[in-house]
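Structure record follows, encoded as C-alpha cells.
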Amino acid sequence: MFGDALANLLAFSGRNVTREYYINDAGAQVDVLARSAFLRYREALGESIGEIPEGLYPGDYLKPAGAALAKAHGASLRDKPEAEWLPLVRAFAIEAMMEMIRGDLAAMNIRHEVFFSERSLTQGAAGEDHVRAVIEDLRARGIVYVGHLAPPKGQLPDDWEDREQTLFRSTDFGDDVDRPLIKSDGGYTYFASDIAYHKSKVDRGFDDMIDVWGADHGGYVKRMQAAVKAVSNGRASLDVKLCQLVKLMRNGEPVTMSKRAGTFVTLRDVVEEVGVDAVRFMMLFRKNDATLEFDLAKVIEQSRENPVFYVQYAHARCKSVIRQAKAAFPDLDVSAAALSGADLALLTDEGEAGLAKLIAQFPRQIDAAAAAHEPHRVAFYLHDLASALHSHWNRGKDQPHLRFVNEERRDLTTARVAMVASLTRVFASGLGVLGVSAPDEMR
RNA sequence: GAUCCCAUAGCUCAGCUGGAUAGAGCAACUGCCUUCUAAGCAGUAGGUCACAGGUUCGAAUCCUGUUGGGAUCGCCA
C-alpha cells in the first residue's frame with residue numbers, strides 16, 4: 001500500500017513511474033512450495049496425509065492448488081519420481097500463489113505494470129543466465145573476487161567453518177563487509193539475484209529506483225545500494241523504503257500468528273472486515289518507518305472513527321454545496337471554465353481566506369511529499385484541509401451570511417462555489433493519490 | 001561485538017528538512033442539531049519533546065555519548 005501510494009504520488013507530481021512486483025519464484029523455497037502442493041494433491045486424491053511434515057508449508061491456502069492439480073492430472077503424477085513432477089508442480093504452485101497474490105492486491109486497490117520473475121533471471125526465454133553475466137562482468141572489473149570472510153563478532157555461529165567464497169566488494173561502495181554471491185552448494189545467493197534484477201532495471205532505463213521492503217530486511221540496504229552503484233557506474237540511485245512490520249494486537253494483547261491455531265490474520269481479512277478505504281488511510285496516515293500497532297478489535301469497533309471518513313465527509317460536503325447551489329440557481333454553470341470567471345475578491349471572510357491559503361499549498365505539499373518519498377504528508381494535509389472546511393462550514397450555523405449558498409447573492413454564491421469546486425478537486429486528487437475513494441455523499 | 005530504525009500528552013501519531021506560546025485524533029469534562037449532512041463544530045484539561053553534552057542568534061529537528069524498545073548479522077528467503 002505504501003509503495004502504491006508513493007507511486008501514485010510520484011506520477012501525480014509529473015514523474016514517469018513504473019510499478020514492478022518482484023516475484024520470488026526461484027531458490028529452494030519454491031521447491032518447498034511445490035512439495036507442499038504435491039502433498040495437497042495427494043490429499044485431494046483421497047490419501048490421508050496426516051500431519052504436515054516439518055519443513056513444508058502447512059497452510060490451507062495450498063488445498064485449492066492441490067485439488068486443481070488432481071483435476072488437471074488425475075492420479076498420473078502420484079507414482080512418478082520427484083524429479084519428474086517437481087518442475088510441473090512448481091510452475092503450477094507458483095501460478096496458484098500468484099493468482100492469490102493478485103487477488104489480494106486487487107482487493108487492496110494496488111496495481112502494477114510489471115510482474116518481474118526472479119526465475120527469468122537465470123532461465124530466460126533464450127536460456128541466458130543474467131546472474132552469471134553480472135557476476136562475470138563485475139569480476140572483470142575487479143569488483144568480484146574470491147576470498148575469505150571474517151566470522152561475525154560476538155556470538156560465533158556453531159556451524160561456522162572458514163571457507164573460500166566468491167565475494168562482492170561492497171565495502172568499496174559504502175557497505176560494512178563484502179558479501180557472498182555463491183552458496184556452498186554452488187547456487188546463487190539471493191543477493192546475487194538481486195544484483196541482476198537491479199541491473200535489469202538499470203538496463204531498462206530506470207535511473208531512480210525505489211524498493212519497498214519490510215523492516216526485517218534493514219540490514220540489506222547498504223549492500224543493495226552498493227550493488228546499484230557498482231552496476232550503474234554510479235549513475236542510478238536506489239532509495240529503500242522500509243515499512244515497519246505491523247504489530248497486530250487484540251484487546252491490547254499481541255496476537256501470535258499461527259496458521260495451525262487459526263489465529264492467522266491477513267491484511268486482506270482486515271480489508272474485508274472494515275473496507276479498503278479505512279485500511280489504506282490508516283496505513284498511510286503515518287510515517288513508513290514508524291512501527292504500526294494495529295489493534296484488531298479497535299480497528300473494527302472504531303472503524304467509524306477512522307480519519308478517512310473525516311476527509312471523505314469533507315469531499316461529500318463540497319459536493320453537497322454544489323448540489324445546493326444548483327438547486328438555488330438552476331441555470332448556474334458549475335463547470336471549471338465558467339467558474340474561473342468568478343469574482344474571488346468577494347471572498348473576504350477569514351475562514352474563506354484560510355481555506356484559499358490551504359488550497360494554494362496543495363501543489364507545494366505534493367512536490368515536497370514526492371521529493372521526500374513520503375505519501376503520509378498528503379494524508380495529513382488532507383486532514384488539515386478537511387478540518388478547515390468543517391470548521392468554516394459550522395460557522396455558517398451561527399452566521400448565515402457565511403453559508404456557501406446565498407439565494408440573494410448570485411455573484412457571491414458563484415465565487416464561493418468556485419472555491420468549493422477547487423476544494424473538491426483537491427480532495428478528490430489527494431484521496432486518489434492515497435488510493436482512497438472520494439464519495440459524493442455519505443449517509 | 002556490529003549495523004539500521006524508533007523514543008513527542010494517559011493511548012495512537014504529526015511536526016512542512018533549523019524558526020516565535022510543540023499540534024491533531026482517541027480517552028475525560030463542558031456546550032452546539034425547527035437552518036447548506038452532528039461521520040461535524042466550539043471549548044476545558046493534559047507534554048522536562050527518553051537522558052547528558054555539543055554546534056547555532058535560535059534545536060523536538062543537526063553532531064557525539066548514554067539508556068530503553070524493535071530489526072538484522074557467511075551460504076536463510
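Quantities reported herein were computed from a predicted structural model and do not represent experimental measurements. Labels below follow one simple rule: chain letters A, B, ... track the order of the sequence lines, proteins then strands, and each chain is numbered from 1.
With hydrogens and angles ignored, the 3.5 Å screen pairs a side-chain donor or acceptor of A:Lys241 with a backbone N or O of A:His373.
Within 4.0 Å of A:Arg179, counting heavy atoms only, lies no atom of the nucleic acid at all. Among the atoms of the strands shown, base atoms are found under 4.0 Å from some heavy atom of A:Val405. Across all strands shown, A:Phe404 has heavy atoms under 4.0 Å from base atoms, whether or not it also approaches the sugar-phosphate.
Considering only side-chain N and O atoms, A:Lys397 lies nowhere under 4.0 angstrom from the phosphate OP1 or OP2 of B:rA42. In terms of phosphate contacts, A:Arg317 brings a side-chain nitrogen or oxygen within less than 4.0 Å of OP1 or OP2 of B:rA38.
Taking the six-membered ring where tryptophan is involved, the planes of A:Phe168 and A:Phe173 are essentially parallel, since the angle between them stays under 30° and well short of 60°.
Because its NZ or CZ atom is both nearer than 6.0 Å to the ring centre of A:Phe115 and within 45° of the ring axis, A:Arg102 counts as a cation-pi partner of that residue.
Nucleotide B:rU17 is shown with a syn base, its glycosidic torsion being within 90° of 0.
In this entry the distance linking CZ of A:Phe285 with C1' of B:rC26 reads 12 Å, nearest Å.
Nucleotide B:rA52 has B:rU64 as its partner under the Watson-Crick or G-U criteria, with both atom distances under 3.5 Å. Across all strands shown, B:rC29 pairs with B:rG43; the Watson-Crick or G-U wobble distances both stay below 3.5 Å.
Between A:His376 and A:Phe2, the ring center distance fails the sub-6.0 Å criterion.
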